Protein chains: 2
Amino acid sequence: MTSLRDVAERAQVAVSTVSAALNGTRPVAAATKRRIEQAAVDLGYRPNLLARGLQSKRTKILALFYPAPRSGFGVTEMQFATGAAEAASELGYHLLLSPDSADPIEELRHITGLGLVDGVLLMEMRLDDERPDFLSEAGVPFSMIGRTRDPGTIDYADIDFAATAREAVAHVAGLGHRKLAFFNYSTGTYAAQYGPTIRAGEEFAAAAREAGIAYVDDHRAGSAEEGGEAFERLLAAHPDVTALAVMDDHAAVGVIAAVARRGWRIPDDLTLMLVLSSERVAEMFHPRLTALEPPSAELGRLGARMLIDRLRGDGPPQQRLVPCRLVAGDSSAPPRAEV
Amino acid sequence: MTSLRDVAERAQVAVSTVSAALNGTRPVAAATKRRIEQAAVDLGYRPNLLARGLQSKRTKILALFYPAPRSGFGVTEMQFATGAAEAASELGYHLLLSPDSADPIEELRHITGLGLVDGVLLMEMRLDDERPDFLSEAGVPFSMIGRTRDPGTIDYADIDFAATAREAVAHVAGLGHRKLAFFNYSTGTYAAQYGPTIRAGEEFAAAAREAGIAYVDDHRAGSAEEGGEAFERLLAAHPDVTALAVMDDHAAVGVIAAVARRGWRIPDDLTLMLVLSSERVAEMFHPRLTALEPPSAELGRLGARMLIDRLRGDGPPQQRLVPCRLVAGDSSAPPRAEV
DNA sequence: TTGTAAGCGTTATCAG
DNA sequence: CTGATAACGCTTACAA
């Protein structure tokens, strides 16, 4: 482990000069600077992040704080992480993966108390999430992937649920459908005030209203079984529904099975869309489902970038909403002609 | 930020005594110890990891070094990460997510040169992977999720491909099948000497031979299209195949489509299994596919644990093989009665 | 059993 | 423009 001292000796200058030369933190004569840089290269010098951090109070480490997965960590969550790690890496930062055990706040207190991280990236936000309050009070810089009900001036990157819902509604309306149903995530996520659950629910209703098409959404399903049951109930109450948007992949499996049991076919008898699911998953179904794919990796990248901007002291709060991408599959078609 | 000094002042002792009391690194009178602990609690003292690391050369940080995803990061890879993070967390360690950019070795040199991490966790191993050599030479402790062709005495946790293949073969043989086909990952992963590709290929062949059932495996498919084509070719050459094991989820999609085009049904005309895929994914298919689910989270946990053991200086090399779990779906059945 | 003091590798503050 | 020197918060001899 070669240190600043070694470089200083070899370049015949003082340690502080080496530091200055290498960091450009104060003017250094061109000649000396060259000499120092050469020495550093010769010795394969690498600054010690710990020492630097201890002194400067900046570790260049960000913590990605992720709650225990509700229902198995999905591809989406993974992409938050890899996106954030990539962006951080590009900007010279490192990403620490911090699982939250039982008590999120205690865990946050712990991880931020260690002096190890410069800031925290929050994900899996609930509308009434108490983590932002804690971090604000503790004076720890942070940003969110997702957002609380009232994010105030906190930096965040979230899905643009309104635009996403509008696009989904426009898609089915454009095909001629007059009545859309929406299956949200499980009741558990609703109770937890999980952001996407609540916001998607609201925005799909609003978008349908705006577009002037009928809408049903009182179904929440988190498993294939529940999805199938919800679908039966739906048709019993609203036989005129011709299009369905489903948030939970597994619920969609149940819906498809129920459709088949009924002797129906997709898309002839039902237009089915997967909301907040990836193209990769949509392709597993037969027929390939239309999907609204969340910009997960980008949200991760944005979250990391705005946190780093904040750490660098730059400007006003950044709040970004990015819509899902509609990937048309073979599960969308005009409604069957009513007799 | 409250430091050891603050605690020392409040407890009316020297800093070193506080350190000793809190770390149990040398005997401290019970009374003093209690006083110190009380003071620490009162002040909400948290040891500064940077300072500690700087002094002790131990940061309690592990880097999970992951290569750019070959084909989109899957659930499996995510579970390596979360499993490792959890295990690390339980043992008082932290996990740094280190994306490898273009040049893995350079990136490794960088991350290990910073003095930031105590050790490295490697994943996505290729049989001829050069990363282990680099780390060995550099004297950086590490462990692998997966393994090279000849891991020597390096710690690793990998899938037990032999046992997995045996179980798969026994499953279909038990149903009465006499000829099994195997579709591996794409040719690209073969060329890259990607561990699972090579090992699964070999072990399925060996298991079939042992069990005395016929076997075909010269098909590699990494997409739905390729999967469909491979299936057509397979049946053209081996019309007597009644069971098929597929490694790539997307290839399976193509196979299923091809089966349907042919007017066949699963499992009546073909027993289909997904190898190295999760139950969650298998459930998306209709019928629900039989799957051999890799113990991803456990491998991540094991990898982290053995690395930490190594850091603590414990014992002999740890090399663990864990078989996949067979999750029977509705895609397995006895072969159709030949006329 | 406890205190003193010397670092760990940086950065930052001063003089020179 | 450059060189001492004092932190940063902790661990670890060594002394008392």
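From a predicted model like this one, the values you see are computed outputs, not experimental measurements. Order of the sequence lines sets the chain letters (A, B, ...), proteins ahead of strands, with each chain counted from 1.
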Heavy-atom donor-acceptor pair, R5(A) side-chain to dG7(C) base, under 3.5 Å
no
Assign each of L54(B) and P27(B) to its nearest nucleotide of DNA chain C by heavy atoms, then name whichever residue's nucleotide is nearer the 5' end.
P27(B)
Does any N or O in the side chain of R310(A) come within less than 3.5 Å of the main-chain N or O of Q318(A), such that one atom is a donor and the other an acceptor?
no
Is the phosphate of dT10(C), meaning OP1 or OP2, less than 4.0 Å from a side-chain N or O of S19(A)?
no
All heavy atoms of D6(B) vs all of M1(B), minimum pair found to be OD2-O, 4.0 Å
Would you kindly check whether a donor in the side chain of S16(B) faces an acceptor in the base of dA5(C), or vice versa, at under 3.5 angstrom?
no
On DNA chain C, does the nearest nucleotide to A30(B) precede the nearest nucleotide to Y45(A) from the 5' side, or the other way round? Give the residue.
A30(B)
Reckon K57(B) has a side-chain N or O less than 4.0 Å from the OP1 or OP2 of dT11(D)?
no
First of V15(B) and V15(A) reached from the 5' end of DNA chain D, by closest nucleotide:
V15(A)
Does dG9(C) have its OP1 or OP2 closer than 4.0 Å to a side-chain nitrogen or oxygen of R52(A)?
no
Quick check on dT11(C): is either OP1 or OP2 less than 4.0 Å from any side-chain nitrogen or oxygen of N23(A)?
yes
What integer distance in Å separates L50(B):CG from dA7(D):P?
20 Å
For a quick check, tell me whether the side chain of Q55(B) and the base of dG9(D) share a donor-acceptor pair closer than 3.5 Å.
no
Could you check whether R46(A) gets within reach of a base, just the sugar-phosphate, or nothing at all, counting any heavy atom under 4.0 Å?
sugar-phosphate
Stepwise side chain to side chain donor-acceptor pair (under 3.5 Å) test for T59(A) and D118(A)
CA-CA 6 Å; T59(A) 63; D118(A) 286 347; 3.2 Å; yes
Using modelled atom types and a 3.5 Å cut-off, is there a donor and acceptor pairing between side-chain atoms of Q319(A) and backbone atoms of I154(A)?
yes
Distance check: side-chain N/O of S56(B) vs OP1/OP2 of dT11(D), anything under 4.0 Å?
no
